[in-house]
Amino acid sequence: MKHLLKLADLTREEILSVLNLADQLKYERKNNVKKKYLEGKHLGMIFQKSSTRTRVSFEVGMSELGGQALFLSNRDLQIGRGEPVEDTARVLSRYLDGIMIRTFAQKEVEDLAKYGSIPVINGLTDYCHPCQVLADLMTIREYKGGFKDLKFCFVGDGNNMANSLMVGAIKMGMSFAIACPKGYEPDTALVAWAKENGSFTMTTDVKEAAKDADVLYTDVWASMGQEEEKRVREEAFKGYQINADVMAVAKPDAIVLHCLPAHRGEEITADVFEAHANEIFDEAENRLHAQKAVLVKLLK
Ligand code: CP
Ligand code: NVA
């Protein structure tokens, strides 16, 4: 593992190895064991979009590992004024030990890795969100003891979350069902890959996707960068919601996950959200442990 650009680049064994280390780091933190795995290391964090969880968990994570994180907003970097990513990559590689980037185009992340000489971590693009899915898989394993024979159901937009969750679920051996409106399907190439490599179904019927599901997941109807489509999307996604009726067709012990931020009354009702708040906030906490594991794997 040289970078974390997208989940598809990782083998099942590499994912398991990250999850195992994440469990160990979580255990060490709970027991106040402080090991400075990344003493003296520096991570640059480029943000072209907003963030609460990703920013804070990477920053705290680096500090807990004995290293340091630098918050680099595109409003302050020359990249925001047009300096090419090829040059930014080569310059930052002379100062830093790793780069985390949150941006729009997946190509920008791939180019940073191509032109730089240090590990690059994708902290979300329009295409995928691998760090989130590692934390999601960690949470599923905590609650369900493993992945075998589980049905994973995603309700909503075929966005960056859906793309990464499909890959993660199929790689770990879960079956994956998505309910999304026509015109909002996940990436075509990933759908083809999922159909070839596991059990994948796509429908416009939420209850069909949710039937007997062990894990239900949803995300916002309009992602960052799609603010102008908000109205159109509110129309298109009406009914694509995890609510009590949908929970009634899932397994009785089903868990509900959400990458957050959540829009109550849109993709999820407030009652379902609160009934599953333990899972959802464990999931948010696990961003810290899963990313510390990624950092140790890539930067040590
Ligand atoms: N889930 C997630 O990535 O949250 P932030 O946008 O707050 O980083
Ligand atoms: N799909 C959302 C995920 C946020 C973590 C977005 O891209 O805004």
Side-chain angles (χ1 to χ4, degrees), residues 12 15-16 19 22-23 26 30 53 129 132-159 161-181 186 194-195 197-221 237-287 289-290:
R12 177 187 154 83
I15 294 174
L16 279 173
L19 299 184
D23 285 348
K26 183 169 184 171
K30 295 258 181 283
R53 282 144 287 269
H129 197 1
Q132 179 67 53
V133 175
L134 289 171
D136 299 340
L137 293 171
M138 179 180 177
T139 312
I140 293 169
R141 202 165 71 157
E142 280 177 351
Y143 276 86
K144 296 289 174 191
F147 305 108
K148 204 173 169 292
D149 300 325
L150 295 185
K151 177 178 176 180
F152 188 106
C153 162
F154 184 91
V155 175
D157 190 16
N159 61 12
M161 280 314 315
N163 284 340
S164 285
L165 285 165
M166 273 164 62
V167 174
I170 298 279
K171 280 201 188 236
M172 303 325 284
M174 291 185 271
S175 70
F176 186 93
I178 177 167
C180 57
K195 282 181 178 161
N197 288 278
S199 159
F200 174 88
T201 51
M202 184 154 63
T203 170
T204 53
D205 183 337
V206 175
K207 283 195 182 158
E208 184 189 326
K211 189 162 176 10
D212 297 326
D214 300 280
V215 183
L216 293 103
Y217 203 111
T218 189
D219 183 18
V220 291
W221 293 343
F237 284 96
K238 258 196 194 120
Y240 286 85
Q241 182 186 64
I242 301 187
N243 52 37
D245 288 347
V246 171
M247 292 309 296
V249 302
K251 292 244 181 82
D253 62 347
I255 61 167
V256 176
L257 299 178
H258 194 308
C259 56
L260 303 176
H263 291 179
R264 292 164 175 81
E266 292 186 13
E267 76 275 5
I268 191 164
T269 53
D271 57 329
V272 170
F273 185 94
E274 290 307 332
H276 293 273
N278 282 346
E279 293 127 51
I280 292 168
F281 292 105
D282 278 346
E283 174 190 14
E285 179 191 324
N286 285 340
R287 291 293 303 276
H289 311 300

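Using a 4.5 Å heavy-atom threshold, the side chains of M138 and K26 count as touching. Between Y143 and V215, every side-chain heavy-atom pair lies at or beyond the 4.5 Å cut-off. Under the 4.5 Å side-chain criterion, counting only non-hydrogen atoms from C-beta, K238 is not in contact with P181. L16 has its side chain within reach of M172: a pair of non-hydrogen atoms, C-beta onward, lies under 4.5 Å apart. The shortest distance between side-chain heavy atoms of I178 and F176 falls below 4.5 Å. Within the 4.5 Å cutoff, the side chain of I140 has heavy atoms near those of the M174 side chain.
Between F237 and G156, the shortest heavy-atom contact is CE2-C, 3.6 Å. A162 and F154 get closest at one heavy-atom pair: CB-CE2, 3.8 Å. Listed here is the closest heavy atom pair of A250 and L216: CB-CD1, 3.7 Å. In plain terms, the two heavy atoms of A284 and R53 that are nearest each other are CB-CD, 4.5 Å. Between P186 and N163, the shortest heavy-atom contact is CB-OD1, 3.3 Å. The nearest pair of heavy atoms linking A290 to A22 is CA-CB, 3.8 Å.
Taking OG1 of T139 as the reference point, atom CG of L134 lies at 10.5 Å (rounded to 0.5 Å). To the nearest 0.5 Å, the span separating NE2 on H276 from CG on D271 amounts to 9.0 Å. The CD1 atom of I255 sits 11.5 Å away from the CG atom of N278 when rounded to the nearest 0.5 Å. If you take OG1 on T218 and CD1 on I268, they are separated by 7.0 Å, rounding to the nearest 0.5 Å. How far CG of L150 is from CG of D214: 4.5 Å, rounded to the nearest 0.5 Å. Note: L165 CG to D219 CG = 8.5 Å, rounded to the nearest 0.5 Å.
In this structure, E279 does not pair ionically with K144, as no charged nitrogen and carboxylate oxygen lie closer than 4.0 Å.
For D136, the side chain to side chain donor-acceptor pair (under 3.5 Å) partners are Q132, Y217, not counting sequence neighbours. A search for side-chain contact (heavy atoms from CB on, under 4.5 Å) contacts involving A194 returns M166, I170, F200, not counting sequence neighbours. The side chain to side chain donor-acceptor pair (under 3.5 Å) test applied to S175 returns no partner, not counting sequence neighbours. Applying the salt bridge (charged side-chain N to carboxylate O under 4.0 Å, His left out) criterion to K195, with sequence neighbours excluded, gives no partner residue. With sequence neighbours left out, F281 forms a side-chain contact (heavy atoms from CB on, under 4.5 Å) with L260, F273, A277. With sequence neighbours excluded, the residues that form a side chain to side chain donor-acceptor pair (under 3.5 Å) with H258 are E267. Partners of S164 according to the side chain to side chain donor-acceptor pair (under 3.5 Å) rule, which considers only residues two or more places apart in sequence or in another chain, do not exist here. In this structure R264 satisfies the salt bridge (charged side-chain N to carboxylate O under 4.0 Å, His left out) test together with E274, sequence neighbours excluded.
For the salt bridge (charged side-chain N to carboxylate O under 4.0 Å, His left out) condition, no pair includes a residue of residues 162-174, sequence neighbours left out. Pairs of residues two or more places apart, or lying in two chains, that qualify as salt bridge (charged side-chain N to carboxylate O under 4.0 Å, His left out) and include a residue from residues 147-158 are D157-R233. Residue pairs meeting the salt bridge (charged side-chain N to carboxylate O under 4.0 Å, His left out) criterion with at least one partner in residues 241-250, sequence neighbours excluded, do not occur; the list is empty.
Other residues, nucleotides and ligands contribute only 12 or fewer heavy atoms inside 6.0 Å of the NZ atom of K211.
In this structure, N286 contributes its side chain and H289 its backbone to no donor-acceptor pair below 3.5 Å. With hydrogens and angles ignored, the 3.5 Å screen pairs no side-chain donor or acceptor of W221 with any backbone N or O of H263.
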Using a 3.5 Å cut-off and no angle test, enumerate the donor-acceptor pairs between side-chain atoms of residues 202-209 and protein atoms at least two apart in sequence or in another chain.
residue : atom : partner : partner atom : Å
T203    : OG1  : D205    : N            : 2.8
T203    : OG1  : E208    : OE1          : 3.2
D205    : OD1  : K207    : N            : 3.0
D205    : OD1  : E208    : N            : 3.2

